[in-house]
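Since the structure comes first, as structure tokens, the remarks are kept for the end.
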Amino acid sequence: MSRVRQSGTESELLVRALVRKCATEQYKENCRDLPGSPDLASVEGRWAIFVHGCFWHRHKACKKATIPKQNRFFWLNKFEANSRRDAQARRKLRRMGYRVLTVWECQTRDELKLDVEIRMFLKSG
Ligand SMILES: [Zn+2]
């Protein structure tokens with residue numbers, strides 16, 4: 001379990017570093033005052049970024065989004081609740097005028113591609 005959390009942290013650090021390189025607006029990290037507590041968000045630029053672990057947040061068609069064999073019912077319920085909460089947070093943010101980007105843990109393995117994606121996202125406002 002600690003390995004999962006560790007790699008999540010690495011993903012967050014990478015995304016933060018990439019945003020730091022190209023963000024032109026003021027932004028904050030771990031924005032608890034916004035729906036879903038985005039990992040990064042800018043009130044000024046009206047954007048929010050979530051860095052999500054593929055397992056916990058159910059990355060669709062990702063091989064990391066496995067379902068444990070034990071207690072399947074418990075896990076399926078838990079995953080559904082997580083996904084619902086994430087979708088709700090994105091909806092709320094969009095209603096507040098925010099553009100939302102979700103970066104999946106597995107996408108942080110291709111740093112160049114992610115760098116381009118983040119630049120395009122930050123510029124699209
Ligand atoms: Zn994934």
Side-chain angles (χ1 to χ4, degrees):
M1 221 31 83
S2 69
R3 267 193 79 198
V4 170
R5 209 161 289 154
Q6 183 63 28
S7 69
T9 304
E10 279 168 30
S11 306
E12 282 165 25
L13 289 179
L14 175 63
V15 172
R16 280 182 203 170
L18 293 177
V19 169
R20 201 176 301 132
K21 278 200 301 182
C22 61
T24 52
E25 293 111 356
Q26 295 257 13
Y27 65 92
K28 285 196 299 180
E29 294 173 358
N30 296 321
C31 310
R32 287 178 206 285
D33 47 343
L34 287 175
S37 304
D39 294 272
L40 297 144
S42 170
V43 178
E44 190 192 335
R46 286 312 219 207
W47 54 259
I49 298 176
F50 290 97
V51 184
H52 278 172
C54 299
F55 178 75
W56 288 108
H57 294 271
R58 310 318 287 167
H59 189 195
K60 280 200 183 73
C62 176
K63 65 177 191 298
K64 285 188 161 198
T66 54
I67 301 165
K69 287 199 172 63
Q70 301 284 320
N71 304 317
R72 276 179 88 84
F73 186 70
F74 165 81
W75 286 108
L76 289 172
N77 270 318
K78 179 148 188 64
F79 291 151
E80 208 213 307
N82 285 355
S83 298
R84 205 184 314 123
R85 207 177 310 120
D86 291 342
Q88 231 164 40
R90 286 195 299 270
R91 237 184 344 261
K92 278 188 194 161
L93 283 163
R94 290 204 179 101
R95 244 181 256 138
M96 291 162 71
Y98 280 78
R99 291 176 297 117
V100 181
L101 177 71
T102 301
V103 176
W104 295 97
E105 178 191 352
C106 65
Q107 292 175 315
T108 62
R109 269 187 259 130
D110 190 343
E111 188 176 331
L112 273 179
K113 195 173 165 208
L114 183 62
D115 188 33
V116 170
E117 241 168 75
I118 286 175
R119 279 173 201 276
M120 279 174 36
F121 172 74
L122 292 177
K123 263 199 277 182
S124 65

Worksheet item: Under 4.0 Å between a Lys/Arg side-chain N and an Asp/Glu carboxylate O for D86 and R58?
Response: no
Item to complete: Could you point out which residue of V103, T108, D39 forms a side chain to side chain contact (heavy atoms under 4.5 Å, CB included) with S11?
Response: T108
So, for [X] and [Y], which heavy atoms are closest and what is the spacing to 0.1 Å?
X    : Y   : value
S124 : R99 : OG-NH1, 2.6 Å
E105 : G53 : OE1-CA, 3.2 Å
C106 : C54 : N-SG, 3.5 Å
G97  : R46 : O-CB, 3.4 Å
H57  : S83 : O-OG, 4.2 Å

Worksheet item: Hey, does E111 have a side-chain heavy atom less than 4.5 Å from the side chain of L18?
Response: yes
Working to the nearest 0.5 angstrom, can you tell me the gap between [X] [atom1] and [Y] [atom2]?
X    : Y    : atom1 : atom2 : result
R16  : L13  : CZ    : CG    : 6.0 Å
L76  : I67  : CG    : CD1   : 5.0 Å
L14  : D115 : CG    : CG    : 8.5 Å
W75  : W56  : CH2   : CH2   : 4.0 Å
H52  : E12  : NE2   : CD    : 9.5 Å
L122 : I49  : CG    : CD1   : 5.0 Å

Joint cluster assignment, [X] & [Y], ILVMFWY side-chain distance < 4.5 Å:
X    : Y    : result
L101 : L93  : no
L40  : L34  : no
V43  : F50  : yes
W104 : L114 : no

Worksheet item: In this structure, are over 12 heavy atoms from other groups packed under 6.0 Å from E29 atom CD?
Response: yes
Worksheet item: If you count the non-hydrogen atoms of other residues, nucleotides and ligands that lie under 6.0 Å from CE in M120, is the total more than 12?
Response: no
Worksheet item: With distance as the sole test, does S42 use its side chain to make a donor-acceptor pair with the main-chain N or O of Q26 at under 3.5 Å?
Response: yes
Item to complete: Anything under 30° is parallel, anything over 60° is perpendicular, the rest tilted; go ahead and classify W47 against Y27.
Response: tilted
Discussion item. Within 45 degrees of the ring normal and closer than 6.0 Å to the centroid, is that where the cationic atom of R119 sits relative to F121?
Written reply: no
